[in-house]
Every structure is written in structure tokens, then in C-alpha cells.
Amino acid sequence: MSNNIAIAIDGPAGAGKSTIAKLIAKKKGYIYVDTGAMYRAMALYLIEQGIGADDQQRISEAVPGVDVTITYENGEQVVWLNGRNVNGLIRTEEVGKMASASSGNKEVRRKLVELQQALARKESVVMDGRDIGTCVLPDADVKVYLTADSHVRAVRRYEELQAKGQDCDLETIEKDIIDRDYQDMHRDISPLRQAEDAVLLDSSHMTIEEVAQAIIGMCDGAQEE
Ligand code: DC
């Protein structure tokens, strides 16, 4: 038996999972694993190969040719796609949409879930995604389902893009968020849902610090057991 601790944080796009998970990882000295970034790297590859989001056969055929690896530089996760650092290329709406579409593919999931499970065997992790508590780490020490009202999530995303000087429209962002939630919650394999033993946290009216403190409290409780 390993003494590694695993904290699983699942939830819809824009609920604040990565911000919170990073903060907790830092406070606890664990590794932060952003599984969405792995699906995004896979999606980038598919886009670059000119494969359509609906072309399940070509997506499945492409998977063996994709090598996604994760390293850490100064505590930051670096995602490598076939030996290329793609951190700067995967945060676009186009890649996010393709990641959501291609993540319904069985071969894509099998490959990335194996990689995620291998990381959690080696280290104590805070892992965020859509299926961590239900599928990747069903025995995680702490499971959280972090959500927030879709309008609140859209406003957060809008402000983030505005701060980066990017032109954007709040209504379009909210519509994209609602579409993505639907797609992630209604796919056949490992859809986004709250694990039975996950604690539901709605961050709509909570600060980042309040959410982080709530989860750290659960971790401390779990370690004392
Ligand atoms: O968290 P994100 O926006 O970076 O994730 C991009 C997409 O990847 C998301 O819409 C669904 C997919 N995903 C998944 O299916 N399972 C995960 N564990 C993480 C992400």
C-alpha cells in the first residue's frame, strides 16, 4: 500500500478547479495534475492532423501516434506532445472545444486515464478533471465536486479574457459554457457527474480562499482517520 494522498476535484468548465487545485497542491506540497491539459494536448494533435471532431474512427486510429507526457518546472505542469512543449498552445477556445468533443472517444480516455493513474501511484496528487472521483481515482482520499452557476462562470471567464486584452462577448461565453457542460455530462463514457462519495461545493458565492480552506479541512480530516 502506498502512503500517497490523492485529492480529486471534478466539476464543469470554469468552476475554478485549476486555481483551487494549484493552491491546495502548493499548501500541501503535493503535485497538481491538470488532466484537462492532457485532453487539450491530444485535441491539439487532432486539429493539427486535420481530423474532425466527429470522426471517431480517425481519432481512434490517431491515438497510438500521440505521446503526451507531463513534467514539472518550478511547480508548474508542463505538457509535452510528441516531445514538444505545448503549454502555450492549448488554452484556446478552439482546442477546448475539440478536447470536449474528442474526450468522448474510448481510446483517447484509455490512454490518458492510464497516464493519470500512473502519476497518482508515484506521488501525492491534487488532480482535477471531469471523471477523477468516478473513474480515474475511485479510492481518492478526498473527493470534491466543484461547481458554480453558469452565469458566474461566464463572468469569471469574461473578466479573465478582458484582463488579457482579448476581445470577447459575455453572452457567447455563457452559451459556450452551457454547451460544453452538456457535452461533458452526456457523453457515453465517463460523463461528468458527482461521485456518490464526493462533497459538493458551489463556489458561486465563495472566494478562492474559502473554497481552498474548505478542501484543506477535508484533507486534514482524511489524514487523521
Ligand atoms: O478542464 P478543461 O477545460 O481544460 O478540459 C477540456 C476538456 O477535456 C473538457 O471539456 C472535457 C475534457 N476532460 C475530460 O473529459 N476528462 C477530464 N478528466 C478532464 C477534461
Side-chain angles (χ1 to χ4, degrees), residues 6 8-10 13-14 16-23 25-26 30-132 135-137 157 160-161 163-168 173 176 180 183-184 187 189-190 192:
I9 305 180
D10 290 303
K17 298 187 298 293
S18 66
T19 309
I20 302 291
K22 262 188 218 167
L23 201 67
K26 197 165 176 203
Y30 300 165
I31 295 285
Y32 165 53
V33 184
D34 172 0
T35 63
M38 299 177 189
Y39 287 91
R40 284 171 181 267
M42 180 68 83
L44 177 65
Y45 179 84
L46 299 172
I47 292 170
E48 288 177 345
Q49 296 296 310
I51 299 176
D54 297 331
D55 196 339
Q56 291 303 322
Q57 188 172 341
R58 283 190 71 203
I59 294 177
S60 297
E61 284 166 7
V63 171
V66 187
D67 179 39
V68 175
T69 46
I70 297 294
T71 58
Y72 290 88
E73 275 172 27
N74 305 320
E76 284 290 316
Q77 175 178 288
V78 182
V79 187
W80 301 84
L81 170 63
N82 292 339
R84 179 166 56 121
N85 176 344
V86 292
N87 268 24
L89 302 173
I90 57 176
R91 297 281 153 213
T92 65
E93 283 306 304
E94 185 194 10
V95 173
K97 277 186 190 168
M98 181 60 160
S100 179
S102 56
S103 63
N105 179 281
K106 200 163 90 189
E107 308 305 328
V108 168
R109 297 208 77 79
R110 193 192 327 227
K111 179 154 195 154
L112 298 183
V113 167
E114 265 171 27
L115 176 62
Q116 293 152 14
Q117 289 173 333
L119 283 168
R121 273 195 295 274
K122 279 199 295 194
E123 315 255 7
S124 287
V125 293
V126 183
M127 193 176 282
D128 76 5
R130 305 292 189 286
D131 61 337
I132 311 305
C135 170
V136 181
L137 305 174
R157 179 82 186 127
E160 217 175 271
L161 291 171
K164 283 190 204 160
Q166 288 182 27
D167 203 19
C168 53
I173 294 175
D176 282 352
R180 182 109 79 88
Q183 185 156 264
D184 292 346
R187 64 177 179 226
I189 316 166
S190 312
L192 169 63

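No donor-acceptor distance shorter than 3.5 angstrom exists from the side chain of Q49 to the backbone of A62, with no hydrogens or angles considered. At least one donor-acceptor pair closer than 3.5 Å links the side chain of D128 to the backbone N or O of S18. Side-chain atoms of Y72 come within 3.5 Å of backbone atoms of Y32 as a donor-acceptor pair (strictly under, hydrogens ignored).
Looking at residues two or more places apart in sequence or on another chain, you find no salt bridge (charged side-chain N to carboxylate O under 4.0 Å, His left out) involving E76. For R40, there are no salt bridge (charged side-chain N to carboxylate O under 4.0 Å, His left out) partners at least two apart in sequence or on another chain.
The SG atom of C135 sits 7.0 Å away from the CD atom of Q117 when rounded to the nearest 0.5 Å. Between the OG1 atom in T92 and the CD1 atom in I47 there is a gap of 6.5 Å [rounded to 0.5 Å]. The line from CZ of R187 to CZ of R109 is 3.5 Å long, rounded to the nearest 0.5 Å. Between the CG atom in L115 and the CE atom in M42 there is a gap of 9.5 Å [rounded to 0.5 Å]. Once rounded to the nearest 0.5 Å, the distance linking CD1 of I31 with CD of E123 reads 4.5 Å. One finds the CG atom of L44 at 11.5 Å from the CZ atom of R91 (value rounded to the nearest 0.5 Å).
Atom NZ of K164 sits in a crowded spot, with more than 12 heavy atoms from other residues, nucleotides or ligands closer than 6.0 Å. Annotation for Q166: atom CD counts as buried by contact number, over 12 foreign heavy atoms lying within 6.0 Å. Counting heavy atoms of neighbouring residues, nucleotides and ligands inside a 6.0 Å radius, atom NZ of K97 does not exceed 12 of them.
Counting only N and O atoms by type, the side chains of D184 and S100 include a donor and acceptor under 3.5 Å apart.
When all heavy atoms of A41 and L81 are compared, the pair lying nearest together is O-CD2, 3.6 Å. The two atoms that bring R180 and A13 nearest to each other are NH1-CB, 4.0 Å, heavy atoms only. Considering every non-hydrogen atom in both A53 and I59, the closest pair reads O-CD1, 3.7 Å. For the pair A99 and A43, the tightest heavy-atom approach, listed with the atom from each and the gap, is N-CB, 3.5 Å. In terms of heavy atoms, L192 sits closest to R130 at CD1-O, 3.4 Å. In plain terms, the two heavy atoms of L119 and V125 that are nearest each other are O-CG1, 4.2 Å.
Looking at T71, N87, T69, D67 one by one, the single match for side chain to side chain donor-acceptor pair (under 3.5 Å) with W80 turns out to be T71.
Ion pairing between R84 and E48 holds under the 4.0 Å rule for side-chain N and carboxylate O. Salt bridge D176/R157: absent, no basic N to carboxylate O contact under 4.0 Å.
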